[in-house]
Peer 1: 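Have a look at this one before I ask anything.
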Amino acid sequence: METLFTKIRRGDIPSTKIYEDDKCFVILDINPVKKGHALVIAAEPYPNVASCPDTVLTHMMLVAKKIEARQRQVLGNDGSNIIINNDPASGQEVPHLHIHVIPRFTGDGRKHFQDHDRYEDGEMQEIGSRLRIS
Ligand code: AMP
């Protein structure tokens with residue numbers, strides 16, 4: 001399947017690429033939350049986490065870890081958001097698995113989630129018992 005990111009990987013659309021191997025590549029986001037915001041993108045266009053082989057997903061997270069360390073070294077950020085928007089309901093715009101690595105600075109004013117749910121009495125325990133995995 002062709003996606004924006006397969007076109008970028010092939011070089012049909014220009015990008016600022018900062019890493020590449022056989023499983024993933026990393027570019028700077030064109031619309032950064034903060035400058036240096038990077039995207040670790042699967043080489044193959046898996047649409048979401050569930051469809052991505054474990055070996056690739058694990059590798060992508062390790063690459064994200066290295067990119068995050070590099071950002072801190074070069075940009076001096078105090079923290080980061082490492083995020084996957086997983087399917088359109090979560091806000092994913094490009095249906096091709098990628099990890100956002102966003103440098104964050106103390107007091108930079110960026111907010112991630114504006115709104116939050118509130119549990120009714122006992123609801124947190126009830127949902128927790130259904131979500132438990134072994
Ligand atoms: P998501 O909403 O998680 O699918 O994120 C897609 C990201 O791709 C957004 O943060 C966009 O700013 C970014 N993006 C879209 N087009 C480009 C492009 N041509 N080069 C780099 N990043 C892009």
Side-chain angles (χ1 to χ4, degrees):
M1 199 186 92
E2 192 83 301
T3 70
L4 172 69
F5 292 153
T6 58
K7 291 178 191 155
I8 286 178
R9 180 167 180 246
R10 229 180 16 245
D12 294 350
I13 294 174
S15 70
T16 300
K17 200 177 280 180
I18 59 174
Y19 178 77
E20 182 161 32
D21 63 31
D22 61 329
K23 293 189 184 66
C24 70
F25 62 105
V26 184
I27 63 170
L28 294 188
D29 195 303
I30 204 168
N31 186 28
V33 174
K34 295 297 292 178
K35 291 175 187 172
H37 176 168
L39 301 173
V40 181
I41 303 169
E44 296 299 320
Y46 310 112
N48 56 21
V49 168
S51 60
C52 181
D54 290 354
T55 47
V56 176
L57 191 60
T58 307
H59 178 76
M60 287 172 69
M61 188 50 84
L62 293 176
V63 170
K65 183 180 178 183
K66 285 186 187 164
I67 294 291
E68 200 266 353
R70 184 71 174 156
Q71 286 173 337
R72 286 194 194 233
Q73 196 179 48
V74 173
L75 305 173
N77 45 306
D78 309 299
S80 58
N81 294 116
I82 299 175
I83 301 168
I84 297 175
N85 294 322
N86 194 35
D87 284 325
S90 70
Q92 184 184 12
E93 287 171 4
V94 182
H96 179 152
L97 183 65
H98 53 284
I99 304 173
H100 293 258
V101 186
I102 305 170
R104 295 297 306 274
F105 299 82
T106 304
D108 68 17
R110 301 294 191 273
K111 243 192 154 204
H112 188 202
F113 296 111
Q114 312 276 358
D115 299 316
H116 296 263
D117 278 346
R118 196 178 276 275
Y119 288 115
E120 303 297 332
D121 277 355
E123 195 181 11
M124 189 160 81
Q125 292 77 5
E126 190 270 321
I127 291 174
S129 71
R130 287 196 282 130
L131 289 176
R132 199 164 291 132
I133 58 168
S134 53

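By convention here, the first residue in the shown sequence is residue 1. Both ligands and their constituent atoms are indexed starting at 1 by order of listing.
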Peer 1: What distance do K23 atom NZ and L62 atom CG have between them, rounded to the nearest 0.5 Å?
Peer 2: 10.5 Å
Peer 1: Within a reach of under 6.0 Å around NZ of K35, are more than 12 heavy atoms found that belong to other residues, nucleotides or ligands?
Peer 2: no
Peer 1: When the ring planes of H37 and H100 are compared, do they come out parallel, tilted or perpendicular, using 30° and 60° as the limits?
Peer 2: tilted
Peer 1: Any side-chain hydrogen bond (donor to acceptor under 3.5 Å, both in side chains) involving residues 41-63? Give me the pairs, sequence neighbours left out, ordered by first then second residue.
Peer 2: D21-H59, N48-S51, N48-D87
Peer 1: Pick out the protein N or O atoms lying less than 3.5 Å from any N or O of ligand 1, and list each pair with its distance.
Peer 2:
| residue | atom | partner | partner atom | Å |
| --- | --- | --- | --- | --- |
| ligand 1 | 2 (O) | G91 | O | 3.2 |
| ligand 1 | 2 (O) | E93 | N | 3.1 |
| ligand 1 | 3 (O) | N85 | ND2 | 2.9 |
| ligand 1 | 3 (O) | H98 | NE2 | 2.8 |
| ligand 1 | 3 (O) | H100 | NE2 | 2.8 |
| ligand 1 | 4 (O) | E93 | N | 2.7 |
| ligand 1 | 4 (O) | V94 | N | 2.9 |
| ligand 1 | 4 (O) | H98 | NE2 | 3.1 |
| ligand 1 | 5 (O) | H98 | NE2 | 3.1 |
| ligand 1 | 5 (O) | H100 | NE2 | 3.3 |
| ligand 1 | 10 (O) | D29 | OD1 | 3.4 |
| ligand 1 | 10 (O) | D29 | OD2 | 2.5 |
| ligand 1 | 12 (O) | D29 | OD1 | 2.5 |
| ligand 1 | 22 (N) | I30 | N | 3.2 |

Peer 1: With sequence neighbours left out, what residues match D108 under salt bridge (Lys or Arg N to Asp or Glu O under 4.0 Å)?
Peer 2: R104
Peer 1: Once salt bridge (Lys or Arg N to Asp or Glu O under 4.0 Å) is applied, do any residues pair with E123, and if so which ones, sequence neighbours excluded?
Peer 2: none
